[in-house]
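See structure below.
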Amino acid sequence: LHEQMVTLSGLADFNLDLGHLEAARDTALQAIQIAQSRREISFETQSRRTLGTAYLRLGQTLQGIRELKEALRLGRQVGDVPAEASALVQLGEAHLQTEQFGLAQERFEEALFLARQTEALELEAQAYMGMGEVRGRRGDLPVARRFFAEAARLYDRHGDQDGKAWVLE
């Protein structure tokens, strides 16, 4: 069962990356069932983040937020700080979708704080991107540009040229 859980978890992420959202949802749900039966909290956390993101992209925002909150809770339970930061970034994006800018800003700031603790440059960059998006939507373009510039700098430092190019679009 362990190999099946690892395979399903990876397949769910792969399907999400390819945009096969229903397949990502279905395989993440299978991975969660196995992870729960084996008490593999780290795999359950990862699969819930994937499931939450799939739900968000499918337009099922409430289910997405529910899964991301559970991933955050599980990450905190086991002390997985990068998993917490990742769930917080995704929750911030969900709150952006629902135009809850105050909540989005709070989640991105929490994610940034945690990402800095673990020197997770990509998560720091994602948090800055989210904060830039919040500020941009609120009309504070000078601050938004500063956040986007910081995200680009972090992506560059991390060696993620695709991330940097995405910021600069």
Side-chain angles (χ1 to χ4, degrees), residues 9-10 12-14 16-17 19 21 24 28 41-169:
S9 181
D13 287 336
F14 183 67
L16 187 65
D17 289 343
L21 303 177
I41 294 175
S42 63
F43 279 101
E44 183 181 351
T45 302
Q46 176 185 341
S47 296
R48 285 194 182 277
R49 283 194 327 264
T50 301
L51 179 59
T53 302
Y55 277 139
L56 292 176
R57 292 181 186 172
L58 286 165
Q60 298 171 346
T61 306
L62 294 179
Q63 288 109 321
I65 289 172
R66 184 174 53 243
E67 292 300 331
L68 293 170
K69 284 182 177 180
E70 182 63 10
L72 176 62
R73 186 190 70 75
L74 290 169
R76 286 182 173 154
Q77 178 181 325
V78 297
D80 187 341
V81 176
E84 287 180 64
S86 181
L88 285 164
V89 165
Q90 291 171 305
L91 277 167
E93 291 171 1
H95 292 308
L96 271 174
Q97 283 183 7
T98 59
E99 297 186 354
Q100 296 175 306
F101 300 127
L103 282 174
Q105 182 70 26
E106 288 175 22
R107 297 303 163 259
F108 291 130
E109 288 173 359
E110 290 176 74
L112 180 61
F113 176 77
L114 293 175
R116 284 180 174 161
Q117 288 180 8
T118 60
E119 298 181 17
L121 297 179
E122 185 175 10
L123 288 170
E124 281 186 60
Q126 291 171 1
Y128 274 114
M129 283 291 299
M131 292 188 312
E133 182 74 23
V134 169
R135 291 306 189 107
R137 290 209 194 169
R138 286 184 161 172
D140 191 352
L141 298 182
V143 173
R145 283 187 198 101
R146 285 198 301 273
F147 285 144
F148 291 142
E150 183 61 17
R153 186 189 69 74
L154 288 165
Y155 279 126
D156 192 42
R157 190 169 147 212
H158 181 258
D160 185 346
Q161 295 308 308
D162 290 336
K164 183 179 177 183
W166 180 63
V167 173
L168 299 175
E169 284 182 347

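Quick note: numbers below take in every heavy atom, side chains included, and nothing from hydrogens, waters or symmetry partners.
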Could you list the residues that satisfy side chain to side chain donor-acceptor pair (under 3.5 Å) with Arg146, not counting sequence neighbours?
none

Residues forming a side chain to side chain donor-acceptor pair (under 3.5 Å) with Asp13, sequence neighbours excluded:
Gln46, Thr50

Report the residues that fulfil side chain to side chain donor-acceptor pair (under 3.5 Å) with Glu84, sequence neighbours left out, ordered by chain and then residue number.
Arg76

Excluding sequence neighbours, so at least two apart, what forms salt bridge (Lys or Arg N to Asp or Glu O under 4.0 Å) with Arg73?
Glu70

Per the ring-ring contact (aromatic ring centres under 6.0 Å, His included) rule, what does the pair list look like for residues 56-110, sequence neighbours excluded?
none

In Å and rounded to the nearest 0.5 Å, what is the CZ to CZ distance from Arg135 to Arg145?
13.5 Å

Return the CD to CD distance between Gln126 and Glu124, rounded to the nearest 0.5 Å.
11.0 Å

Side-chain heavy atoms of Gln77 within contact of Ile41, under 4.5 Å
yes

Kindly give the heavy-atom pair with the smallest separation between Ala111 and Val89, and that separation in Å.
CB-CG2, 3.6 Å

Measure the spacing between CD of Gln90 and CZ of Arg48 and express it to the nearest 0.5 Å.
13.5 Å

Where do Ala54 and Ala24 come nearest, in terms of heavy atoms and distance?
CB-CB, 4.3 Å

Smallest separation among heavy atoms of Gly132 and Ala144, with atom names:
O-CB, 3.3 Å

Would you give me the side-chain donor-acceptor pairs under 3.5 Å for residues 112-121, sequence neighbours excluded?
residue	atom	partner	partner atom	Å
Arg116	NH2	Tyr128	OH	2.3
Thr118	OG1	Ala115	O	3.3

For the CG atom of Leu88 and the CD atom of Glu93, what is their distance to the nearest 0.5 Å?
11.5 Å

Of all heavy-atom pairs linking Ala125 and Ala151, the shortest is O-CB, 3.5 Å

Is any side-chain heavy atom of Leu103 less than 4.5 Å from a side-chain heavy atom of Thr98?
no

Using a cut-off of 6.0 Å, state whether more than 12 heavy atoms not belonging to Leu141 lie near its atom CG.
yes

What is the minimum heavy-atom distance between Tyr155 and Glu122, and which atoms define it?
CE2-CG, 4.1 Å

Do the side chains of Phe147 and Met129 get nearer than 4.5 Å, heavy atoms only?
no

d(Leu16 CG, Arg49 CZ) to nearest 0.5 Å is 11.0 Å

Among residues at least two apart in sequence or on other chains, which ones pass side chain to side chain donor-acceptor pair (under 3.5 Å) with Thr45?
none

Minimum heavy-atom separation for Leu123 to Pro82, with atom names?
CD1-O, 3.6 Å

Within-4.5 Å side-chain heavy-atom neighbours: Met131 and Val134:
no

Any pair with a residue in residues 95-109 that passes salt bridge (charged side-chain N to carboxylate O under 4.0 Å, His left out), sequence neighbours left out, goes on the list, sorted by first then second residue, please.
Arg107-Glu110

Rounded to the nearest 0.5 Å, what separation is found between the OG1 atom of Thr53 and the CG atom of Asp17?
10.0 Å

Show me the pairs that pass salt bridge (charged side-chain N to carboxylate O under 4.0 Å, His left out) and involve residues 50-63, at least two apart or across chains.
none

